[in-house]
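One structure is given here, and the rest of the page talks about it.
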Amino acid sequence: IIYSVELMSMDDCAADLCHIITVSSTVSLHLEFNMDFSVQRPCPSEMKFICLTFLIISGITYSRSEQYEVVGPADAVFAVAGENVILHCSLKPNINVVDMRVEWFRPDLKEAQLVHLYKDHEDRNTDQSQSYRGRTKLNHQELQKGNTSLKLSSVQVSDEGRYKCFIQSKSWTDDATVNVFVE
């Protein structure tokens with residue numbers, strides 16, 4: 001993804017051309033200034049400052065949003081009916097997610113079912129699927145460390161399937177999939 005911004009003043013002065021270049025999920029900020037000082041009326045320094053400030057803020061915001069990743073287990077999770085199981089999920093690097101939305105749901109069913117929702121500093125399970133009522137728990141202390149793992153109690157055969165751990169901040173979203181098999 002390449003973003004470019006070109007600013008010119010009203011009197012056709014020299015332009016500042018700035019690029020933010022993103023390559024293979026690695027974000028780097030590259031500023032290129034094309035300034036022709038031989039032009040009789042150079043751009044005001046305020047325009048250059050505005051361009052630079054805008055691009056630095058945009059680059060920082062963009063690069064910060066791209067450096068987080070929601071991570072689940074590489075392998076399927078095997079659970080025993082009647083027992084408890086932990087569906088592992090975390091944000092890397094480990095940062096506090098207390099101010100974020102954490103949603104666990106089942107996308108593999110005809111109508112995606114809400115398994116657990118944490119939002120605005122509390123569990124919000126009024127729309128939770130009836131089959132999960134009273135059986136799910138997030139460890140709120142672990143949320144401070146980026147751990148959004150879900151404890152599912154009294155596992156049922158119907159719990160087998162695909163789960164999504166979805167995390168949303170004000171500037172980005174990401175999710176991880178956890179496959180559960182019940183024995």
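Throughout, residue positions are numbered sequentially from 1 according to the sequence presented.
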Checking the side chain of Arg162 only, and the main-chain atoms of Leu109 only, is there a donor and an acceptor separated by less than 3.5 Å? no
Would a single hydrophobic cluster contain both Val77 and Leu138, if residues Ile, Leu, Val, Met, Phe, Trp and Tyr are joined by side-chain heavy-atom contacts under 4.5 Å? yes
Is it true that a side-chain atom of Asn84 and a backbone atom of Ser154 form a donor plus acceptor pair closer than 3.5 Å? yes
Where do Ser131 and Gln113 come nearest, in terms of heavy atoms and distance? OG-OE1, 4.0 Å
Is there side-chain contact between Asp99 and His121, with heavy atoms separated by less than 4.5 Å? yes
Output yes when a side-chain donor or acceptor of Asn94 lies under 3.5 Å from a complementary backbone atom of Gly146, and no otherwise. no
Audit row: His116, Phe105, ring-ring contact (aromatic ring centres under 6.0 Å, His included) steps and yes/no: CA-CA 7 Å; His116 195 95; Phe105 63 96; over 10 Å; no
Rounded to the nearest 0.5 Å, how far does NZ of Lys145 lie from CG of Leu91? 15.0 Å
Would you say Trp104's side chain and Thr148's backbone share a donor-acceptor pair under 3.5 angstrom? yes
Between the side chain of Gln128 and the main-chain N/O of Val115, is any donor-acceptor distance below 3.5 Å? yes
In this structure, are over 12 heavy atoms from other groups packed under 6.0 Å from Glu183 atom CD? yes
Atom pair CG (Asn125) and NZ (Lys119), whose distance is rounded to the nearest 0.5 Å: 12.0 Å
Where do Lys92 and Val71 come nearest, in terms of heavy atoms and distance? CG-CG2, 3.6 Å
Any chance the rings of Tyr68 and Trp172 have centres within less than 6.0 Å? yes
Please report the closest heavy-atom contact between Ala79 and Val155, naming both atoms and the distance. CB-CG1, 4.0 Å
I'd like to know if Asp159 and Arg135 make a salt bridge, using a cut-off of under 4.0 Å between side-chain N and carboxylate O. yes
Taking the side chain as everything from C-beta on, heavy atoms only, tell me whether Glu160 gets closer than 4.5 Å to Val180. no
Classify the ring geometry between Tyr118 and His140 as parallel (under 30°), tilted (30 to 60°) or perpendicular (over 60°). perpendicular
Give the minimum heavy-atom separation between Ala112 and Pro107, together with the two atoms involved. CB-CA, 4.3 Å
Arg106 to Tyr163, cation-pi by 6.0 Å centre distance and 45° axis angle: yes
Only one of Val97, Val102, Asp174, Thr173 passes side chain to side chain contact (heavy atoms under 4.5 Å, CB included) with Val70, and that residue is Asp174
Please report the shortest heavy-atom distance between Leu117 and Glu103, naming the atom on each side. CD1-CB, 4.0 Å
NZ of Lys137 to CG of Leu152, rounded to nearest 0.5 Å, is 13.5 Å
With a 3.5 Å distance limit and no angle check, can you tell me whether Asn139 reaches the backbone of Ser149 through a side-chain donor-acceptor pair? no
So CD1 of Ile167 and CG of Leu143: to nearest 0.5 Å the spacing works out to 8.5 Å
Going hydrophobic residue to hydrophobic residue with side-chain gaps under 4.5 angstrom, can you get from Met100 over to Val98? yes
Looking at Asp175 and Lys164, would you say the former's side chain and the latter's main chain have a donor-acceptor pair under 3.5 Å? no
